[in-house]
K.L.:
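Once you've had a glance at the structure underneath, I'll fire off some questions.
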Amino acid sequence: MLGAKPQKRRDDRLIIHFDYDCFYASVFENENPSLKSVPLAVQQYEARRRGLHKLQLINEAKKIVPDVVIVLGEELGRFRDASKALYNFLAAFTWSGKVERLGFDEVWMDLTDIVDFNISLLNPHDLEHSFFQLQRDDPTTGFSFNATKIAGQVFGTPITSANPNQDAENNLMTRLTLGSHLAQHLRWALEEQKGYTSTVGISSNKILSKLVGNLNKPKDQTTLLPPYAISERDVQSGMESNVTTFIDSHDVGKVPGIGFKMSQRIRNHVLSRPADFETGLIYGGTKESVTVRDVRLFAGMGPELLEKILGGPGAERGIGGKAWNLMNGVDDTDVQQAKKVPTQISIEDSYIRLDTMPQVLKELRILATSLLKRMHTDLLEHDDDPDSVIGKRWIAHPKTVRLSTRPRPPLNADGTRSRPFNRISRSGPLPGFVFSLREEFESIIEKLVQETLVPMFRKLHPSPRGWNLSLVNIGVTNMVETASEDGKGGGRDIGRMFKRQEEVLKEWKVEDKDIPPDPLPVAEENESHSTEQTDPSAGNEVLDSIMNGSEDAIQPTQTSVEEQGIWEDDEDADEGQEKCSECGAVMPAFAMPAHERFHSFEE
DNA sequence: CCGCTGTAG
DNA sequence: GATTCTACAGCGG
């Protein structure tokens, strides 16, 4: 039995995927229309990007070709700006605000509401002369289109099924038709008004729209035609939905969401080669391609088997079912709402050799400087208030700073081989003084490096020598938006719980056999911590701000509101605490199981 | 919350 | 992964 189980499809959305053509080259062109030496610009960038494996080789290349222009670090900002501008442009068309960016040059849009609204406006008697309304309340803004035809390219045979699920597939067809015209309009607008051409895929979910867009690459669009789902009977008679036909032709690893690790595991299983060593893994090595069809038709294949192949400790729960869905073109994940602020900002650099403290210090300063600049460009916005002297205010405060390194594997005594390259990291509270807009940039950097980054570095690398880093990364996370007055706080206790768990369990361990520890002091201690200064940032940052006398906003009212929102929302105390039903002792929830064991010992 | 893994462009 | 620099989701503690 090759019974691939039917997937429940939910094709009630209209989702398109944008891919800007040659994004990096286009940015150059748009910045400098006069210098339309297109091939040159492209080649320069490509040379930098794919080129010359490492920084070292770049330096060598420099000797050979002194003319080479190296674009790094700072230059990324221009691409980021361009990307953001295009994203905002597209976002303005949506009603739902569902616009999600992937990297610099890809965007998904959920246009279901706009399209469905326009379906309701169609005149069935004159579909050729339809008008697409871009705004709900304005019948004049929009464009004319022919609703009997799909705009742009298509994949799939329009097909007449023996057992058509007519209603669903008709609705889908109509949605896709209108969606294709809207997509064309957006592509056109993007080109006319922003100077960027793009390639678009149109379908009913993220994965399919992304994949189908690849079919007609520059400056075009592709719609995945219905039928998306067909009846059991049709399957028996050898028919196939266009979704199946389409996605089956892809290599497993090409399916978004199935990356290197997962596709390797799947391949190994399908090729029935137990854990192929990476012996012959020389790059360029032709791997036998294992397509989605190969996997799907493999004996016994299904979500359960995939769970066995892919599951395990640390794996995502239900990964088998998820992978199975992906391979069947099923993807119910939502297009994310447009976000004002990123969830993290990080800066990193890689090194041939970085093994002394002075070098590290220097690099930390460089990285911290870039990071702070990024925070300024991404997290500051103009303050309308004319009373504001500085004229800017933070739209979000990251609460956490993280330092990561990638140690170069210590050279094995016996030979040459080196092992994995994983990153290690430490994170902690981001001091408040980094938000000062008055204090000297340099002085902020210095303080950040000395007071925060260096101590974290010491935690990662306690000994002053003996390491050699191939990469250093610093980043800020845990954004708290300032406008929206602390959403659902509460999450803070969880961190504390785990933080304290270690200590408490230690005590338990030590004393378990003899005298069960008294839970009360533990609870009290914790409580005093939290009312006091469990989170050192809470007090220090406020203090720093005050002592620096400079905050992002001049107005005392705003400052205090912000600080209250950000730094003084510590009112947790009792959350996460539980009371023992046996003796009435109060303690953190995590300690309760152990405490109950204590009672069981008593008997 | 913290540290780490996997995925993606 | 071959490489570089990001960014995000999810797991287990």
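The sequence lines fix the lettering, A, B, ..., with proteins before strands; numbering per chain opens at 1. Quick caveat: nothing in here was measured; it's all calculated off a predicted structure.
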K.L.:
Enumerate the salt bridge (charged side-chain N to carboxylate O under 4.0 Å, His left out) contacts for residues 311-320 of chain A, please, sequence neighbours excluded, ordered by first and then second residue.
P.N.:
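Every pair satisfying salt bridge (charged side-chain N to carboxylate O under 4.0 Å, His left out) with a residue in residues 311-320 of chain A: A:Glu316-A:Lys322.
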K.L.:
Check every strand shown and say whether A:Arg374 touches a base, only sugar-phosphate, or nothing at a heavy-atom separation below 4.0 Å.
P.N.:
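Sugar-phosphate contact only - A:Arg374 comes under 4.0 Å of backbone atoms but never of a base.
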K.L.:
Compare side-chain N and O positions of A:Thr343 against OP1 and OP2 of C:dC8 and report whether any pair is under 4.0 Å apart.
P.N.:
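Affirmative; the distance criterion is met.
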K.L.:
Please pick, from B:dG9, C:dC8, B:dC2, the nucleotide with the shortest atom-to-atom distance to any side-chain atom of A:Ser427.
P.N.:
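Taking heavy atoms from C-beta onward, the closest nucleotide is B:dC2.
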K.L.:
Hey, which sits more toward the 5' end of DNA chain C by its nearest nucleotide, A:Lys339 or A:Ser263?
P.N.:
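With A:Ser263 and A:Lys339 compared, the 5'-side residue is A:Ser263.
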K.L.:
Should A:Leu86 and A:Tyr196 count as side-chain neighbours, where that means a heavy-atom distance under 4.5 Å?
P.N.:
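Yes, close enough: below the 4.5 Å cut-off.
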K.L.:
For nucleotides B:dG6 and C:dG1, find the distance between their C1' atoms and express it as a whole number of Å.
P.N.:
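Approximately 13 Å lies between the C1' atom of B:dG6 and that of C:dG1.
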K.L.:
Over how many whole Å does the gap from A:Met262 atom CE to B:dT7 atom C1' extend?
P.N.:
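Those two atoms, CE and C1', are 10 Å apart.
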K.L.:
Nearest to the side chain of A:Ile347 - C:dT6, B:dT5, B:dC1?
P.N.:
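Out of C:dT6, B:dT5, B:dC1, the nucleotide with an atom closest to A:Ile347's side chain is C:dT6.
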K.L.:
Kindly write out the residues that satisfy salt bridge (charged side-chain N to carboxylate O under 4.0 Å, His left out) with A:Glu100, not counting sequence neighbours, or none if the list is empty.
P.N.:
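Listed in chain order: A:Lys206.
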K.L.:
Should the pair A:Phe246 and A:His250 be assigned to parallel (<30°), tilted (30 to 60°) or perpendicular (>60°) ring geometry?
P.N.:
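A:Phe246 and A:His250: perpendicular rings.
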K.L.:
At 4.0 Å (heavy atoms only), tell me whether A:Val255 reaches a base, stays on the sugar-phosphate, or touches nothing.
P.N.:
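It contacts sugar-phosphate atoms only.
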K.L.:
Return the value, rounded to whole Å, for the distance between atom CZ of A:Phe104 and atom C1' of C:dT6.
P.N.:
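That distance rounds to 7 Å.
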K.L.:
Which part of the nucleic acid, if any, lies within contact of A:Arg402, taking any heavy atom under 4.0 Å across all strands shown: a base, the sugar-phosphate backbone alone, or nothing?
P.N.:
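Here A:Arg402 touches no strand at all.
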K.L.:
Under 4.0 Å between any heavy atoms, over every strand shown, what does A:Pro313 touch: base, sugar-phosphate, or nothing? Just pick one.
P.N.:
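Since no nucleic acid heavy atom lies under 4.0 Å of A:Pro313, the category is nothing.
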K.L.:
From CE of A:Met479 over to P of C:dA7, roughly how many Å is that when rounded to an integer?
P.N.:
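Distance check: A:Met479 CE to C:dA7 P gives 9 Å.
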K.L.:
Looking only at side-chain N and O atoms, does A:Thr400 come under 4.0 Å of OP1 or OP2 in B:dC2?
P.N.:
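For B:dC2, OP1/OP2 do have a side-chain N/O of A:Thr400 under 4.0 Å.
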K.L.:
Does A:Asp19 pair with A:Lys217 as a salt bridge, N-O distance under 4.0 Å?
P.N.:
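Here A:Asp19 pairs with A:Lys217 in a salt bridge, since their nearest N and O are under 4.0 Å apart.
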K.L.:
Starting the side chain at C-beta, find the nucleotide from B:dA8, B:dC1, C:dA7 nearest to A:Ser346.
P.N.:
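Selected nucleotide (nearest to the side chain): C:dA7.
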K.L.:
Report which part of the nucleic acid A:Asn473 touches: base, sugar-phosphate, or nothing (heavy-atom distance under 4.0 Å, all strands).
P.N.:
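Here A:Asn473 touches no strand at all.
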K.L.:
Would you call A:Arg267 and A:Asp294 a salt bridge, using N to O less than 4.0 angstrom?
P.N.:
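Looking at A:Arg267 and A:Asp294, the cut-off is not met.
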K.L.:
Rounding to a whole Å, what distance do you find between A:Ile258:CD1 and B:dT5:P?
P.N.:
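Between P of B:dT5 and CD1 of A:Ile258: 22 Å.
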K.L.:
Using only side-chain N and O atoms of A:Ser350, determine if any of them is under 4.0 Å from OP1 or OP2 of C:dC5.
P.N.:
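Indeed, a polar side-chain atom of A:Ser350 lies that close.
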K.L.:
Starting at atom CG of A:Asn214, determine the distance to atom P of B:dA8, rounded to an integer number of angstrom.
P.N.:
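Spelled out: CG on A:Asn214 to P on B:dA8 is 13 Å.
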K.L.:
Can you tell me the distance, in whole Å, between the CZ atom of A:Arg80 and the C1' atom of B:dG9?
P.N.:
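To the nearest whole Å, that distance equals 14 Å.
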K.L.:
So if I take every side-chain heavy atom of A:Asp105 and compare against B:dG9, C:dT6, B:dC4, which nucleotide ends up nearest?
P.N.:
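Nearest to the side-chain atoms of A:Asp105, counting from C-beta on, is B:dG9.
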K.L.:
Between C:dT6 and A:Arg423, is there an OP1 or OP2 to side-chain N/O distance shorter than 4.0 Å?
P.N.:
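So the side-chain polar atoms of A:Arg423 never come under 4.0 Å of the phosphate oxygens OP1 or OP2 of C:dT6.
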K.L.:
Between A:Phe104 and A:Tyr24, how do the two ring planes meet: parallel, tilted or perpendicular, split at 30° and 60°?
P.N.:
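Rings of A:Phe104 and A:Tyr24: tilted, 30 to 60°.
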K.L.:
Using OP1 and OP2 only, check whether a side-chain N or O of A:Lys210 sits under 4.0 Å from B:dG9.
P.N.:
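Yes, such a contact exists.
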K.L.:
Given B:dC4, B:dA8, B:dT5, identify the nucleotide with an atom nearest to the side chain of A:Ile424.
P.N.:
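Side chain of A:Ile424 sits closest to B:dC4.
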K.L.:
Does a side-chain N or O of A:Ser425 approach OP1 or OP2 of B:dG3 to a distance below 4.0 Å, or not?
P.N.:
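No, A:Ser425 has no side-chain N/O under 4.0 Å of OP1/OP2 on B:dG3.
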K.L.:
Take the protein atom CD1 of A:Ile266 and the nucleotide atom C1' of B:dG6, then report the distance between them rounded to whole Å.
P.N.:
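Taking CD1 of A:Ile266 and C1' of B:dG6, I get 13 Å after rounding.
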K.L.:
Categorize A:Leu471 for me: base, sugar-phosphate, or nothing, with a 4.0 angstrom heavy-atom threshold over every strand shown.
P.N.:
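Nothing, no heavy atom under 4.0 Å.
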K.L.:
Over all strands shown, is A:Glu316 touching base, sugar-phosphate only, or nothing at heavy-atom distances under 4.0 angstrom?
P.N.:
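Contact class for A:Glu316: sugar-phosphate only.
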K.L.:
Assign each of A:Pro342 and A:Gly312 to its nearest nucleotide of DNA chain C by heavy atoms, then name whichever residue's nucleotide is nearer the 5' end.
P.N.:
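Result: A:Pro342.
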K.L.:
Does A:Lys261 make a side-chain N or O approach to OP1 or OP2 of C:dG1 shorter than 4.0 Å?
P.N.:
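Checking C:dG1 against A:Lys261, no side-chain N or O comes under 4.0 Å of OP1 or OP2.
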K.L.:
Would you mind classifying the nucleic acid contact of A:Gly475 as base, sugar-phosphate or nothing, using non-hydrogen atoms under 4.0 angstrom?
P.N.:
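If one applies the 4.0 Å heavy-atom cut-off, A:Gly475 turns out to touch nothing in the nucleic acid.
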K.L.:
Under 4.0 Å: is that the gap between some side-chain N or O of A:Arg317 and OP1 or OP2 of C:dC11?
P.N.:
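Answer is yes, contact under 4.0 Å.
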K.L.:
Distance check needed: B:dA8 P versus A:Phe260 CZ, whole Å only.
P.N.:
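It is 12 Å, rounded to the nearest whole Å.
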